[in-house]
Amino acid sequence: MLNAIYFYRVSRWLYLHHIPFLPKLITLLIFLIYNSKIPYKAEIGGSTRFGYGGMGVVVHSAARIGRGCTISQQVTIGGRGSRYPGVPVIGDNVYIAKGAIVMGGISIGDNVIIGANAVVTKPVPANAVVAGIPAHILRFKAED
């Protein structure tokens, strides 16, 4: 079944190959079908996937998301005005649960789990589990 990430990958490929208009059209299609904003200018690593097709996901156009991430439905990744300048940089193998918000010019380390409805506005080190409003570190995952 088609997922918003497939449409994103097509629009990103078209954008990187300087094919005009079509990437914008596909971004609009993503919005109409999935009620999501996943712009072709955002950098999303390979094997990253969206839960439930990517419904309600909002990604800032300057955001960078690593490889092997799982982003659940209703997640927002972006910046917000002068209070949270910049946009997030998300590492590899990050799991972002339903309804989480990651905002501001922060970095999220590799192998991080962000709990449902968490609001992350501060950097998160690698191998951490965070949750809450505002998000705080609950524990560190054991390394395999």
If you group Ile, Leu, Val, Met, Phe, Trp and Tyr by side-chain heavy-atom gaps below 4.5 Å, do [X] and [Y] land in one group?
X      : Y      : answer
Leu28  : Ile38  : no
Phe140 : Ile113 : no
Val75  : Val89  : no
Val120 : Leu138 : no
Val58  : Met55  : no

Donor-acceptor under 3.5 Å ([X] side chain, [Y] main chain):
X     : Y     : result
Ser72 : Ile96 : yes
Arg64 : Val87 : no
Tyr8  : Ala42 : yes
Arg67 : Thr48 : no
Ser36 : Phe31 : no

Assess whether side chain to side chain contact (heavy atoms under 4.5 Å, CB included) is satisfied between Ile90 and Ile71, documenting all intermediate values.
CA-CA 11 Å; Ile90 297 173; Ile71 301 170; 5.9 Å; no

Inter- and intrachain pairs under ring-ring contact (aromatic ring centres under 6.0 Å, His included), touching residues 36-64, at least two apart:
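For residues 36-64: Tyr15-Tyr40.
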
Where do [X] and [Y] come nearest, in terms of heavy atoms and distance?
X      : Y      : result
Gly115 : Ala97  : C-CB, 3.6 Å
Pro88  : Gly78  : CD-O, 3.7 Å
Ile114 : Ala100 : CG2-CB, 3.9 Å
Ala128 : Pro125 : CB-O, 3.5 Å
Gln73  : Val57  : CA-CG2, 4.4 Å
Ala63  : Ile77  : CB-CG2, 4.1 Å

Sorted by chain and residue number, the ring pair (Phe, Tyr, Trp, His ring centres under 6.0 Å) partners of His18 (sequence neighbours excluded) come out as none

First locate atom [atom1] of [X], then atom [atom2] of [Y], and finally report the distance between them rounded to the nearest 0.5 Å.
X      : Y      : atom1 : atom2 : value
Thr27  : Arg12  : OG1   : CZ    : 11.0 Å
Phe21  : Leu14  : CZ    : CG    : 12.0 Å
Asn93  : Asn111 : CG    : CG    : 5.0 Å
Cys69  : Asp110 : SG    : CG    : 8.5 Å
Thr70  : Arg49  : OG1   : CZ    : 3.5 Å
Asn117 : Gln74  : CG    : CD    : 10.0 Å

I need the single residue from Ile26, Leu22, Ile19 that forms a side chain to side chain contact (heavy atoms under 4.5 Å, CB included) with Ser11. Which is it?
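Result for side chain to side chain contact (heavy atoms under 4.5 Å, CB included) with Ser11: Ile26.
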
Below 4.5 Å, heavy atoms only, C-beta onward: do Ile30 and Lys37 meet side chain to side chain?
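No, their side chains stay 4.5 Å or more apart.
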
